[in-house]
There are 2 protein chains.
Amino acid sequence: MPLHLISKLESFTRLSVLDRQALDAVVTEKQRRLGAREDIICEGDNPSHVNLILDGWACRYKQLEDGRRQIISFFLPGDFCDSHVYVLRAMDHSIGTLTPVTFAEISRDSLSQVTSRQPRIMQALWWDTLVQASIQREWTVNLGQRSATERVGHLLCELFLRLRIVGLADGDGCLLPVTQADLADAMGLSTVHINRTLQELRGAGLIVLKGRHLTIPDLPALQTASLFNPNYLHLDHVGRHLDAGTAGEL
Amino acid sequence: MPLHLISKLESFTRLSVLDRQALDAVVTEKQRRLGAREDIICEGDNPSHVNLILDGWACRYKQLEDGRRQIISFFLPGDFCDSHVYVLRAMDHSIGTLTPVTFAEISRDSLSQVTSRQPRIMQALWWDTLVQASIQREWTVNLGQRSATERVGHLLCELFLRLRIVGLADGDGCLLPVTQADLADAMGLSTVHINRTLQELRGAGLIVLKGRHLTIPDLPALQTASLFNPNYLHLDHVGRHLDAGTAGEL
DNA sequence: GGCAGAAATTCAACTGCGTTAATTTCGAGG
DNA sequence: CCTCGAAATTAACGCAGTTGAATTTCTGCC
């Protein structure tokens with residue numbers, strides 16, 4: 001049961017075997033797979049269920065009438081694309097894949113059944129939802145205040161830590177399966193300048209980026225250079241669990 | 001009972017007399033008042049209750065170590081500052097007043113009691129929460145893609161419409177009780193450039209801004225100029241209710 | 001009505017990032 | 001191994017927005 005979601009939720013609270021089984025059942029119910037650069041759901045659609053990314057990277061994005069595109073958030077394995085969307089009448093943005101993606105379609109009923117029967121899961125999903133909102137706020141700060149270098153550095157710190165809690169980091173590195181154009185759309189910069197910025201980070205020895213693999217040889221250094229403060233990811237519980245030696249290697 | 005929150009929620013769903021009474025009780029429980037430029041709650045604090053703005057303007061903000069400040073969102077009368085914050089261990093941002101503010105401190109228990117007893121309220125608060133998240137996403141687009149003029153125009157459209165659904169607009173205008181420095185911190189621009197931008201919008205006849213009062217003589221024109229699409233505010237229900245002649249003038 | 005501090009406005013010099021476009025490298029498929 | 005399209009890289013030039021500082025206009029208060 002290699003469920004990234006579980007590994008993430010367990011960084012917040014401990015789940016019982018029953019909890020895990022319940023989650024597993026919900027996720028197994030209906031799965032879909034898409035190739036890279038396809039839409040999972042489009043602006044204007046009427047959302048009927050919740051999507052959970054199981055494998056691959058996706059993103060939320062909006063396209064302005066004149067073609068400009070903003071990537072609003074990245075979805076990594078274990079991320080929900082909007083629990084509770086169905087309260088709203090129509091999607092105000094689209095969700096698309098960046099790489100080939102496997103995801104679970106969870107019906108409104110299944111989800112509310114699990115959460116009402118397993119209060120731990122309810123609590124954990126709440127935590128996850130709040131963290132996602134917090135990440136969105138941090139992006140506002142990132143786009144509003146940070147220079148290009150700080151901004152990109154900050155994003156790389158965030159993605160690395162997020163991948164780490166779902167068990168997708170390898171030591172001091174991780175996969176970064178997106179193009180520089182994608183990064184540009186996310187950071188509100190041009191591709192040319194993203195390229196310049198990455199060179200600069202490489203030149204300063206803060207990152208090693210070859211092909212689709214990112215290494216951060218000195219995370220604290222990159223964090224400092226990017227004015228990155230991890231508190232917004234609310235990982236405060238993680239340490240304790242790892243120390244207890246229970247979660248961590250799921 | 002001049003509760004802006006109620007007027008907002010009724011733009012989403014109809015509330016019963018009981019619903020309204022319940023909300024009123026919760027809000028009356030404990031109220032506080034602060035002057036302008038004070039903090040309601042600070043980064044690092046452990047949140048114990050939910051705050052609801054009753055009167056005045058506040059904002060969410062983050063301050064970087066080197067002093068740069070980003071306003072992450074504006075809170076208008078009727079806005080909740082994070083339902084469910086208390087799930088998290090510590091605030092990752094601060095909430096401060098921009099004008100003198102009256103707000104209600106709602107305890108975790110009171111809130112969960114109301115929502116469990118009045119499902120309509122639960123549903124309406126969910127809608128409100130999702131709309132707030134949607135606004136945060138739109139700010140990401142705003143900061144990432146729009147030019148200074150579009151960006152400021154977009155913000156003014158948003159604030160006007162948000163004030164309108166809580167009954168605080170007067171025809172084609174509303175109060176705008178914030179300084180240009182505040183707008184600058186929200187838009188990721190310098191005060192100098194905010195000033196230039198406002199001049200430009202004035203020059204184009206898109207806004208009239210005198211003292212603390214804003215008039216938008218031709219809202220569709222400002223919307224077009226700002227690439228503003230109101231769908232992200234999810235007001236789709238409002239029209240129907242107003243047509244029915246029930247809500248609107250609360 | 002006058003004073004003090006805050007807010008708004010204006011100016012000029014400067015720069016970070018965008019734009020356009022050309023060139024090189026990479027990766028998947030034949 | 002070769003080819004083709006996508007992605008990455010590089011360079012030159014322009015502009016939107018910044019910085020710092022000075023000036024003017026408000027606003028609240030005595």
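Lettering of chains follows the sequences in order, A, B, ..., and the numbering in each one begins at 1.
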Item to check | Under-4.0 Å side-chain N/O to phosphate OP1/OP2 contact, N195(B) with dT9(C) | outcome: yes
Next on the checklist: At less than 3.5 Å, do the side-chain atoms of R196(A) and the base atoms of dG16(C) form a donor-acceptor pair?
Outcome noted: no
Item to check | NZ/NE/NH1/NH2 to OD/OE distance under 4.0 Å, D182(A) and R69(A) | outcome: yes
Next on the checklist: Tell me the interatomic distance from L183(A), atom CG, to dT9(D), atom C1', rounded to whole angstroms.
Outcome noted: 15 Å
Next on the checklist: Apply ring pair (Phe, Tyr, Trp, His ring centres under 6.0 Å) to residues H154(B) and Y232(B) and explain how you reach the verdict.
Outcome noted: CA-CA 12 Å; H154(B) 193 281; Y232(B) 76 99; 5.7 Å; yes
Next on the checklist: Given 3.5 Å as the limit, does a donor-acceptor pair link the side chain of T97(B) with the main chain of E38(B), or not?
Outcome noted: yes
Checklist entry - With a non-hydrogen cut-off below 4.0 angstrom, is L189(A) in contact with a base, only sugar-phosphate, or nothing? => result sugar-phosphate
Next on the checklist: Which is more 5' along DNA chain C, the nucleotide nearest H193(A) or the one nearest R37(B)? Just name the residue.
Outcome noted: R37(B)
Item to check | Separation of dA8(C) C1' from H213(B) NE2 (nearest whole Å) | outcome: 19 Å
Checklist entry - Taking DNA chain C as the partner, which of residues 138-156 of chain A come within under 4.0 angstrom of it by heavy atom? => result S147(A), A148(A)
Next on the checklist: Given 3.5 Å as the limit, does a donor-acceptor pair link the side chain of R146(A) with the main chain of L227(A), or not?
Outcome noted: yes
Checklist entry - On DNA chain C, nearest-nucleotide positions of T191(A) versus R212(A): which is more 5'? => result T191(A)
Next on the checklist: On the nucleotide dT9(D), are OP1 or OP2 found under 4.0 Å from the side-chain N or O atoms that R202(A) carries?
Outcome noted: yes
Next on the checklist: Determine whether E43(A) and K62(A) satisfy the following criterion, salt bridge (Lys or Arg N to Asp or Glu O under 4.0 Å), listing intermediate values before the conclusion.
Outcome noted: CA-CA 8 Å; E43(A) 185 166 347; K62(A) 263 189 183 183; 5.6 Å; no
Checklist entry - Across the strands shown, which category fits T179(A) at heavy-atom distances under 4.0 angstrom: base, sugar-phosphate, nothing? => result sugar-phosphate
Next on the checklist: Looking only at side-chain N and O atoms, does H213(A) offer a donor or acceptor that is under 3.5 Å from a partner on D170(A)?
Outcome noted: yes
Checklist entry - Could you give the CG-to-P distance, from D66(A) to dT19(C), as a whole number of Å? => result 11 Å
Item to check | d(CD1, I194(B); P, dT9(C)) in whole Å | outcome: 12 Å
Next on the checklist: Closest-nucleotide mapping onto DNA chain D: is L198(A) or G188(B) further toward the 5' terminus? I mean the 5' end.
Outcome noted: L198(A)
Next on the checklist: What is the separation between atom CD on Q180(A) and atom P on dA8(D), rounded to the nearest whole Å?
Outcome noted: 4 Å
Checklist entry - Q199(B) side chain N/O closer than 4.0 Å to the phosphate oxygens (OP1, OP2) of dT10(C)? => result yes
Checklist entry - Would E158(A) and R162(A) count as a salt bridge (Lys or Arg N to Asp or Glu O under 4.0 Å) if you check the C-alpha gap in whole Å, the side-chain angles of each, and the deciding distance to 0.1 Å? => result CA-CA 6 Å; E158(A) 175 185 308; R162(A) 286 173 58 190; 3.0 Å; yes
Checklist entry - Which whole-number value in Å describes the distance from K210(B) NZ to dA7(C) C1'? => result 18 Å
